[in-house]
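Step one of this worksheet: look at the structure below.
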Amino acid sequence: MQMNVSLTEELHQIVQNQVKSGLYSNASEVIRDAIRRMKREEKKEDAWQQLNNLLEDASRSGRSTNSIDDIVKKCINN
């Protein structure tokens, strides 16, 4: 599928420099890689947000009546 995009001069130069460096064969490869990296970053951010939500929930739930040994044993047995 083909798509035409407009870039600022600065972004155009970045793409061209990446191609000139030999890391990429053409501008399309640079853009595809940038989008893949953006998606990976989004996934990381989502994972951090989920972790933060879990930690907030855990913090609000209060102190456990179980000892650390009890919790470890329960985790090992599951």
Side-chain angles (χ1 to χ4, degrees):
M1 180 174 289
Q2 184 174 338
M3 176 185 285
N4 294 317
V5 296
S6 297
L7 300 174
T8 64
E9 182 60 36
E10 179 183 9
L11 292 175
H12 180 266
Q13 194 58 50
I14 291 170
V15 171
Q16 292 306 311
N17 288 343
Q18 291 297 311
V19 173
K20 286 178 189 174
S21 75
L23 293 172
Y24 301 92
S25 298
N26 55 51
S28 292
E29 285 184 8
V30 176
I31 301 301
R32 283 192 296 268
D33 188 44
I35 292 169
R36 282 187 208 101
R37 289 171 188 245
M38 182 177 62
K39 293 301 290 178
R40 280 196 302 266
E41 284 301 311
E42 286 176 0
K43 286 182 182 181
K44 278 194 247 180
E45 287 179 27
D46 288 346
W48 277 112
Q49 186 59 51
Q50 289 176 6
L51 177 59
N52 284 329
N53 292 342
L54 288 171
L55 291 172
E56 286 177 15
D57 290 346
S59 177
R60 282 193 297 268
S61 71
R63 191 169 183 93
S64 175
T65 58
N66 297 319
S67 71
I68 292 177
D69 288 336
D70 292 337
I71 295 169
V72 170
K73 286 177 189 174
K74 184 177 179 181
C75 289
I76 292 172
N77 292 328
N78 286 336

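Values in this document were obtained by computation on a predicted structure and should not be read as measured data.
Transitive grouping of hydrophobic side chains (ILVMFWY, heavy atoms separated by less than 4.5 Å) keeps Ile71 and Leu55 in distinct clusters.
Taking the side chain as every heavy atom from C-beta outward, Lys39 and Lys43 never approach each other to under 4.5 Å.
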Side chains of residues 24-33: which donor-acceptor partners sit under 3.5 Å, not counting sequence neighbours?
unit_1	atom_1	unit_2	atom_2	d
Tyr24	OH	Asp33	OD2	2.4
Asn26	OD1	Ser28	N	3.1
Asn26	OD1	Glu29	N	2.9
Glu29	OE1	Ser25	N	2.8
Asp33	OD2	Arg37	NE	2.8
Asp33	OD2	Arg37	NH2	3.2

What side-chain donor-acceptor pairs closer than 3.5 Å can you find for residues 46-53, not counting sequence neighbours?
unit_1	atom_1	unit_2	atom_2	d
Gln49	NE2	Asn53	OD1	3.0
Asn52	ND2	Trp48	O	3.3
Asn53	ND2	Gln49	O	3.4

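Distance alone, capped at 3.5 Å, is enough to place a donor-acceptor pair between the Ser61 side chain and the Ala58 backbone.
For Ser67, the side-chain contact (heavy atoms from CB on, under 4.5 Å) partners two or more places apart in sequence, or in a different chain, are Asp69, Asp70. For Gln13, the side-chain contact (heavy atoms from CB on, under 4.5 Å) partners two or more places apart in sequence, or in a different chain, are Glu9, Gln16, Asn17, Lys20. The salt bridge (charged side-chain N to carboxylate O under 4.0 Å, His left out) test applied to Asp57 returns Arg60, not counting sequence neighbours. In terms of the salt bridge (charged side-chain N to carboxylate O under 4.0 Å, His left out) criterion, residue partners of Glu41 (sequence neighbours excluded) are, by chain and number, Lys44. In this structure, the side-chain contact (heavy atoms from CB on, under 4.5 Å) partners of Met3, at least two apart in sequence or on a different chain, are Val5. Partners of Glu10 according to the side-chain contact (heavy atoms from CB on, under 4.5 Å) rule, which considers only residues two or more places apart in sequence or in another chain, are Thr8, Ile14.
Ile68 belongs to a hydrophobic cluster whose other members, connected by ILVMFWY side-chain contacts under 4.5 Å either directly or through intermediates, are Val72, Ile76.
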